[in-house]
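Counting convention: from 1, in listed order, for ligands and their atoms alike. Fair warning: this is a prediction, and the values are worked out from it, not measured in the lab.
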Amino acid sequence: MTSPNDSNKDTNNEHNDTDKQSSDKQNSLLAGIIERATKSGLGRKKLNPSAVESAVAKNMAKIHSNPTKLRLAFLGGGSFGTAMANLAARNGCDTTLWVRNKRTVKAMAKTQTNKKYLPGHKLDDRLKYSHDLAAAVKDKDIIFIAVPGLAFRETLKNIAPFISGQSIVSLTKGMEKDTFALMSDIIKEELPEVNFGVMSGPNLAIEIMKNMPSATVIASESEPLRHAVQAALHSAFFRVFASDDVKGVELGGALKNIYAIAMGMAAAYEVGENTKAMILTRALAEMSRFGVEAGANPLTFLGLSGVGDLYATCNSELSRNFRIGNMLGRGMNIDAAVKKLGQTAEGVNTIQQVHEKATREGIYMPITHALYAVIYEDKAALGVALHLMEAGFRSDVEFVMAHDHSNAALTAHMKSSASKTADKDSDKDK
Ligand SMILES: NC(=O)C1=CN([C@@H]2O[C@H](COP(=O)(O)OP(=O)(O)OC[C@H]3O[C@@H](n4cnc5c(N)ncnc54)[C@H](OP(=O)(O)O)[C@@H]3O)[C@@H](O)[C@H]2O)C=CC1
Ligand SMILES: O=C(CO)COP(=O)(O)O
């Protein structure tokens, strides 16, 4: 017979097992980094992996000043995967960029440029290219994935047989079709044992290639992984901040694409600065509201991956999502706009996913619903926008004053004034 204490013991044991598994995972990453640092002469003596927690603090400083000991793979040879791989190679990390097209790999290795996605930008000559997925991911410390959201699960399935102790970092800012899964959800489903993180921020790839100072956020529950990513990518032109709110950071990157489309459309209508500011801040309100429902910390949306990325993509023609919105605003339909763009614009799928989820779960997302109505239900943009302006009295920042609180009082007040006016009118008629 089991006593309540026994069941507590079981629960504690389960917790202990989970804690142990997660600390084992972290230790294996750290042990790998430390081992190579030691072998290369960076460390004076071989460290004991089990004493890793204190040792890593010392070694991370060395890896910061010499990150060459990190072995990295970047999967996806589009503009962002290439830009990030280039940063890591320039920092001296042993970096391989995996691209699915064999001819593209050959051309990139020969010309050291990504002619299709980043024409005219010379890549670091230490960057290696591969078409062989197994060779690209085996024996790496960290695998960064920068394929479109719709290809993310397939990519994980393809690398699964070659995963041993590597960590995975998603650079993808999308959502899976129909499942509403974020990339971290897919990682947990497909590779439940791996140590993982997500990276997101205002990171227009072309600006990064031009060495325009930029910053991003690495979010992970694993402190060593956060440090390793900071060490790999940090440079004079690129700062990497850290967070442990994986959901919040990831949702910031995915949701802002919706509003970049809205802002691209607004720009086509030549709206004023007040209007742009209104869309941007109400977008932020929607994002954080949706984030909280998904378990994120609303304050994360005030950071680089929230308001930072929202600002960058909503104000720039370099953003592909902004460009899609702009084409829609100029009268093109969505299929024609996507075809003309010829690159990834995650927002096109994200609008559908978020519209459906918010409708199903009763989350108030008026801009997303309005955009959905214009793009997929063929509603006139101007009418939809004017309708948005009639959406009633709401609180500015609902985490400061709740909507229900303000609305309940207002609705009661308005109902009572309306009925008093109606009574007066009917008295007059008598
Ligand atoms: N570009 C940017 O400024 C930023 C982009 N991101 C995010 O990074 C992710 C990737 O975007 P980005 O690099 O811009 O996209 P691009 O459109 O520039 O490139 C997409 C890349 O993914 C490859 N690809 C497509 N499908 C598959 C597949 N099934 N298997 C393997 N590779 C595939 C494409 O190969 P092929 O050429 O053969 O089709 C191409 O190399 C997106 O989620 C985006 O939101 C994040 C921050 C900034
Ligand atoms: O996410 C981005 C910049 O942070 C890139 O935005 P687009 O995908 O709209 O080009």
Asks: Using 30° and 60° as the class limits, which term best fits the ring planes of His355 and Tyr372: parallel, tilted or perpendicular?
Replies: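 The arrangement is parallel - the two ring planes meet at less than 30°.
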Asks: Would you call Asp185-Arg153 a salt bridge at under 4.0 Å N-O?
Replies: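 So Asp185 does not pair with Arg153 through a salt bridge.
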Asks: Flag the pair Asp94 and Lys140 as a salt bridge only when some basic side-chain nitrogen lies within less than 4.0 angstrom of an acidic carboxylate oxygen.
Replies: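 Looking at Asp94 and Lys140, the cut-off is not met.
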Asks: For ligand 1, what are the residues with a heavy-atom contact below 4.0 Å?
Replies: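 Lining ligand 1: Gly77, Gly78, Ser79, Phe80, Gly81, Trp98, Arg100, Lys116, Tyr117, Ala146, Val147, Pro148, Ala151, Glu154, Leu171, Thr172, Lys173, Asn203, Leu204, Ala205, Arg320, Gln343, Thr344, Glu346.
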Asks: Are a donor atom and an acceptor atom from the side chains of Arg330 and Asn326 found within less than 3.5 Å of each other?
Replies: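 The answer is yes; a qualifying pair exists.
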Asks: So if I only count non-hydrogen atoms and take anything under 4.0 Å from ligand 2, which residues does that give, chain by chain?
Replies: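 Contacts of ligand 2 under 4.0 Å: Lys173, Gly201, Pro202, Asn203, Leu204, Lys256, Asp309, Thr313, Leu318, Ser319, Arg320, Asn321.
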Asks: If you measure from the Lys or Arg side-chain nitrogens to the Asp or Glu carboxylate oxygens, is any gap between Glu273 and Lys276 under 4.0 Å?
Replies: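 A salt bridge links Glu273 with Lys276.
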Asks: Which atom names give the shortest non-hydrogen contact between Asn321 and Ile261, and what distance separates them?
Replies: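 Nearest heavy atoms, Asn321 then Ile261: O-CG1, 3.3 Å.
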Asks: Under 6.0 Å from the ring centre and within 45 degrees of the ring axis: does the NZ or CZ of Arg360 meet both conditions for the six-membered ring of Phe180?
Replies: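 Here Arg360 fails the 6.0 Å and 45° test against Phe180.
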Asks: With distance as the sole criterion, is a donor-acceptor pair present between the side chains of Asn211 and Arg90 under 3.5 Å?
Replies: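 The criterion, which ignores hydrogens and geometry beyond distance, is satisfied for Arg90 and Asn211.
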Asks: So does Asp396 pair up with Arg282, basic N to acidic O under 4.0 Å?
Replies: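 Yes.
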